[in-house]
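Note sheet for the following structure.
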Amino acid sequence: MLFKEIKNYFESKNFDFFNFDSVNSTMEISKKKLKKKNLCIVANAQTNGIGRRGNKWISPEGNLYLSYLIKYNLEIKDHFIFTAAIASSVCELVQKICKVDSFIKWPNDIIIYNSKISGIMSELYNSNNQNYIILGVGINIVSSPKVDDYSTTYTSFYNQNINKENLILNLSKIFFNKYDLIFSNNYKKIILNYKKHLKHLGKKINIQHNNDIFSILFEDINLDGSILANINGINTNIYSARILDDSS
């Protein structure tokens with residue numbers, strides 16, 4: 001019954017909504033389902049989920065895998081504003097249902113007590129001369145993968161009374177509040193909200209880029225999503241790196 005409510009909600013936003021038991025990837029299936037409207041794709045499991053840096057997102061049954069596909073008429077340089085909007089939306093949702101502080105680990109991991117509970121991916125896509133952005137969201141609900149590089153967790157560890165359909169609806173309502181800000185060009189409010197949840201902002205941290213490790217002061221976040229870093233007194237923009245300090 002709640003899926004009907006979800007579908008009606010998305011129709012009110014001019015989105016098509018599809019719910020699958022299993023797909024290879026919600027981001028990939030959204031391209032195949034694209035017609036005229038924006039899309040929301042949800043699956044109970046993924047066989048080939050996509051993570052950062054080309055890694056596979058481990059996607060067992062029972063967790064939340066969701067993608068929004070949205071017509072994109074902004075400048076290419078502005079695409080991070082969507083990542084900021086969805087990352088802070090997931091952070092707010094997780095914090096609400098788990099009743100503990102949650103943070104964004106730059107650029108788009110959601111963490112609780114230094115353990116990853118959610119990840120976000122974005123991809124620009126063109127079809128028939130129309131640009132789109134696809135926002136992929138994975139939230140660990142009933143389980144989390146065992147990963148050597150970092151700790152993971154899941155929402156049911158904090159709250160066993162979680163209804164996945166409610167999560168989909170509540171996440172989408174939070175996100176669409178920010179979505180409306182994007183299309184009214186109110187980027188400042190979205191970035192300020194993203195920064196409010198950003199864990200390492202204003203701290204000295206170590207980052208890894210390729211095989212090199214740098215010590216930086218995370219001074220600010222730029223509108224394009226890059227870190228404004230102070231490295232030995234010199235301001236530098238960092239576009240791609242891994243933050244190594246998970247305990248700070």
Side-chain angles (χ1 to χ4, degrees), residues 51-53 55 57 77-122 135-140 144-155 157-158 171 174-175 178 181-182 186-248:
R52 283 197 71 206
R53 296 185 291 270
N55 294 328
W57 179 269
K77 64 182 176 63
D78 291 335
H79 79 273
F80 177 76
I81 200 69
F82 284 96
T83 298
I86 191 61
S88 57
S89 296
V90 174
C91 195
E92 290 170 24
L93 176 74
V94 167
Q95 190 162 308
K96 180 179 179 180
I97 63 177
C98 294
K99 307 300 183 185
V100 296
D101 290 338
S102 62
F103 299 95
I104 301 169
K105 180 182 176 183
W106 180 86
N108 50 17
D109 287 346
I110 310 304
I111 57 175
I112 289 177
Y113 295 130
N114 300 314
S115 295
K116 182 174 177 176
I117 199 166
S118 173
I120 290 125
M121 280 287 296
S122 65
L135 303 173
V137 178
I139 302 177
N140 299 329
S144 62
K146 305 298 180 186
V147 182
D148 292 336
D149 292 349
Y150 54 86
S151 174
T152 64
T153 189
Y154 51 97
T155 60
F157 181 82
Y158 300 91
L171 171 61
I174 296 169
F175 171 64
K178 303 181 197 314
L181 292 174
I182 293 174
N186 195 342
Y187 293 1
K188 183 177 180 181
K189 189 170 183 178
I190 296 170
I191 292 295
L192 285 174
N193 188 255
Y194 177 85
K195 287 165 64 172
K196 182 178 73 173
H197 298 288
L198 199 54
K199 185 184 181 198
H200 297 96
L201 186 64
K203 296 180 180 179
K204 290 184 178 179
I205 57 173
N206 293 319
I207 63 168
Q208 181 177 4
H209 177 65
N210 296 327
N211 294 320
D212 297 321
I213 295 177
F214 300 93
S215 179
I216 71 166
L217 174 62
F218 192 154
E219 288 198 335
D220 206 348
I221 195 83
N222 296 310
L223 186 59
D224 62 6
S226 60
I227 291 176
L228 176 60
N230 186 305
I231 305 176
N232 298 322
I234 299 173
N235 285 337
T236 305
N237 293 331
I238 297 173
Y239 294 91
S240 177
R242 179 185 174 193
I243 294 178
L244 301 178
D245 304 66
D246 289 334
S247 60
S248 61

Report summary line: side chain to side chain contact (heavy atoms under 4.5 Å, CB included) filter on Tyr113, not counting sequence neighbours, yields Val100, Tyr158
Report task. Output, in order, the C-alpha distance, side-chain angles, deciding distance and verdict of side-chain contact (heavy atoms from CB on, under 4.5 Å) for His197 and Glu92. Result -> CA-CA 9 Å; His197 298 288; Glu92 290 170 24; 3.7 Å; yes
Report task. Sequence neighbours left out, what passes side-chain hydrogen bond (donor to acceptor under 3.5 Å, both in side chains) with Ser88? Give chain and number order. Result -> Asn193
**Report entry** For Lys195, all residues meeting salt bridge (charged side-chain N to carboxylate O under 4.0 Å, His left out), sequence neighbours excluded
**Finding:** Asp220
Query raised in the report: For the side chain of Trp106 and the backbone of Gly225, is there at least one donor-acceptor N/O pair under 3.5 Å apart?
Result: yes
**Report entry** For His209 against Ala241, the heavy-atom pair lying closest together
**Finding:** CB-CB, 4.4 Å
Query raised in the report: If you round to the nearest 0.5 Å, how far is CG of Leu198 from NZ of Lys203?
Result: 10.0 Å
Report summary line: Rounded to the nearest 0.5 angstrom, the OG-CG distance for Ser122 and Asn108 is 7.0 Å
Query raised in the report: Given side chains that start at C-beta, do those of Leu171 and Ser89 come closer than 4.5 Å, heavy atoms only?
Result: yes
Query raised in the report: For Lys105, does its backbone N or O pair with a side-chain atom of His200 as donor and acceptor, under 3.5 Å?
Result: no
Query raised in the report: Taking side chain as C-beta onward, heavy atoms only, is Tyr187 less than 4.5 Å from Ile182?
Result: yes
Query raised in the report: Less than 4.5 Å apart, any side-chain heavy atom of Ile238 and any of Ser226?
Result: no
Query raised in the report: How many angstroms lie between CD1 in Ile86 and CG in Leu135, if you round to the nearest 0.5 Å?
Result: 6.0 Å
Query raised in the report: Below 4.5 Å, heavy atoms only, C-beta onward: do Cys98 and Ile112 meet side chain to side chain?
Result: yes
Query - CA sep, side-chain torsions, deciding dist, call: Ile216, Ile205, side-chain contact (heavy atoms from CB on, under 4.5 Å) - result: CA-CA 6 Å; Ile216 71 166; Ile205 57 173; 3.6 Å; yes
Requested in this report: Of all the heavy-atom pairs spanning Ala84 and Ile191, show the shortest one and how long it is.
Outcome: CB-CD1, 4.2 Å
Report task. For residues Lys178 and Ala85, report the shortest heavy-atom separation together with the two atoms involved. Result -> CD-O, 3.3 Å
Query raised in the report: Does the pair Ile110 and Ile120 meet the rule for a side-chain contact (heavy atoms from CB on, under 4.5 Å), with working shown?
Result: CA-CA 8 Å; Ile110 310 304; Ile120 290 125; 4.1 Å; yes
Report summary line: Applying side chain to side chain contact (heavy atoms under 4.5 Å, CB included) to Phe103 and not counting sequence neighbours gives Asp101, Ile111, Lys199
Report summary line: Heavy-atom nearest pair, Lys116 first then Asp109, reads NZ-OD1, 3.2 Å
**Report entry** Set of ring-ring contact (aromatic ring centres under 6.0 Å, His included) partners for Phe80, sequence neighbours left out
**Finding:** Tyr194
Query raised in the report: Between Ser151 and Ser115, which heavy-atom pair has the shortest distance, and what is it?
Result: OG-OG, 2.6 Å
Requested in this report: Could you tell me the separation between the CD1 atom of Ile243 and the CD1 atom of Ile227, rounded to the nearest 0.5 Å?
Outcome: 4.5 Å
**Report entry** Verdict with reasoning, Ile207 to Phe218, per side-chain contact (heavy atoms from CB on, under 4.5 Å)
**Finding:** CA-CA 10 Å; Ile207 63 168; Phe218 192 154; over 6 Å; no
**Report entry** Gln208 side chain vs Arg242 backbone, donor-acceptor pair below 3.5 Å
**Finding:** no
**Report entry** Partners passing side chain to side chain contact (heavy atoms under 4.5 Å, CB included) against Phe157 (at least two apart in sequence or in another chain)
**Finding:** Thr153, Tyr154
Query - Which atom of Leu217 lies closest to which atom of Gly202, heavy atoms considered - result: CD1-O, 3.7 Å
Output a table of donor-acceptor pairs, distance under 3.5 Å, between side-chain atoms of residues 229-237 and any protein atom two or more places apart or on a different chain; print 'none' if there are none.
from   : atom 1 : to     : atom 2 : distance (Å)
Asn230 : OD1    : Gly233 : N      : 2.8
Asn230 : ND2    : Glu219 : OE2    : 3.4
Asn237 : OD1    : Asn222 : ND2    : 3.0

